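Beneath this line is the structure, given in structure tokens, with notes to follow.
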Amino acid sequence: MQQAHEIEQELKRLRMPGAFQQLDHRLVQAQEQGLGYLEFLSLVLHDELANREANNFTKRLSQASLGTRETFDRFDFRFNDEVFPAATVRDLASCRFIHQHTNLAIAGPPGIGKTFIVKAIGHEACRQGSSALFRSTQRLLSDLLRASPDRQRRLLKKACDVDVLILDDFAFRSLDQHEAEMLYIIAEERIGISSTILTANRPPQDWYSVFPDPIVGGAILDRMVSGAIKLVTSKGRSYRKEVHGSHATKSAPPKS
């Protein structure tokens, strides 16, 4: 028992909480199953690696600002199948396009599930070890332009360096020259290096009109959209009302 206590203290000093927390369980398992030395060591190391990956995943998810609600575990792939074919969404959920540094643009009416899908993709990317950042386009640009120089530099670096940047409500309103120039910096830094995901309520042919300078707007869209995977629709059932709404109704307490 003294030796086990010493090992626990050494695991603490080595900052291996996963191995420390499971040590008693693994000792019992080794005795009951007659595990060899290498088998036992392998299990202890596996416990530590699993604990670190779980912590890293939680950290990536928190830094991504994705929340925990929108995941593919909760997504109804049959809903709006004509608009977002299940096979296509499942392929996107594999995050292969992110590993290939390809962009994704999803455009369609409000409420049909665009934001849910891209948040779920971001969640899966974090699970696979990639970094992500979710922001509405307007909020990101506003945060960048209103920030102090040091904070602006940090936030811009994160927006440029993250493995997958998700810009929700792209082209929602007209941009001023400063916003457009900031968006151009992000588009230029990310092209061919990492993946950017856009959602928009406006159809792509309307996106040029939100930029004050057509040349800058064209350059941004060329970098973000020209080579992107595109899912564009003008119709679709409301995922927000029919699915989220029904869940909210079921979970709501009865009225007195």
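Since the model is a prediction, treat every value here as computed from it, not as a measurement.
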- Query: Shortest non-hydrogen contact from F116 to T71?
  - Reply: CE2-O, 3.4 Å
- Which pairs with one or both residues in residues 81-108 pass ring-ring contact (aromatic ring centres under 6.0 Å, His included), sequence neighbours excluded? none
- Task: Look only at the side chain of R223 and the backbone of A219, and say whether a donor-acceptor pair between them is shorter than 3.5 Å.
- Result: yes
- Message: How about CD on Q205, more than 12 heavy atoms from neighbouring residues, nucleotides or ligands closer than 6.0 Å, or not?
- Response: yes
- Please report the C-alpha distance between R153 and D150 in whole Å, then the side-chain angles of each, then the deciding distance to 0.1 Å, and finally whether the salt bridge (charged side-chain N to carboxylate O under 4.0 Å, His left out) criterion is met. CA-CA 5 Å; R153 187 161 47 250; D150 286 345; 2.3 Å; yes
- Residue pair E70, R74: steps toward the salt bridge (charged side-chain N to carboxylate O under 4.0 Å, His left out) verdict: CA-CA 7 Å; E70 288 85 357; R74 299 171 58 107; over 6 Å; no
- OG/S94 to CD/Q128 distance, rounded to the nearest 0.5 angstrom? 7.0 Å
- Pairs touching residues 146-174 that satisfy ring-ring contact (aromatic ring centres under 6.0 Å, His included), sequence neighbours left out: F170-W207
- Task: Taking K114 for its side chain and I112 for its backbone only, find out whether a donor-acceptor pair lies under 3.5 Å.
- Result: no
- Query: For the residue pair Q138 and D168, what are the closest heavy atoms and their distance?
  - Reply: OE1-O, 4.5 Å
- Note on the structure: Interatomic distance, OG@S142 vs CE@M182, rounded to 0.5 Å, equals 11.0 Å
- Any side-chain donor near an acceptor of the partner, S136 and D169, under 3.5 Å: no
- Query: Are any side-chain N or O atoms of S131 and backbone N or O atoms of D163, one a donor and one an acceptor, separated by less than 3.5 Å?
  - Reply: yes
- Task: Say whether Q63 and R60, considering side chains only, have a donor N or O and an acceptor N or O under 3.5 Å apart.
- Result: no
- Contact check, side chains of I229 and L92, non-hydrogen atoms, under 4.5 Å: yes
- Task: Just do the side chain to side chain contact (heavy atoms under 4.5 Å, CB included) check on M224 and L167 with the steps written out, would you?
- Result: CA-CA 11 Å; M224 285 190 164; L167 296 178; 4.0 Å; yes
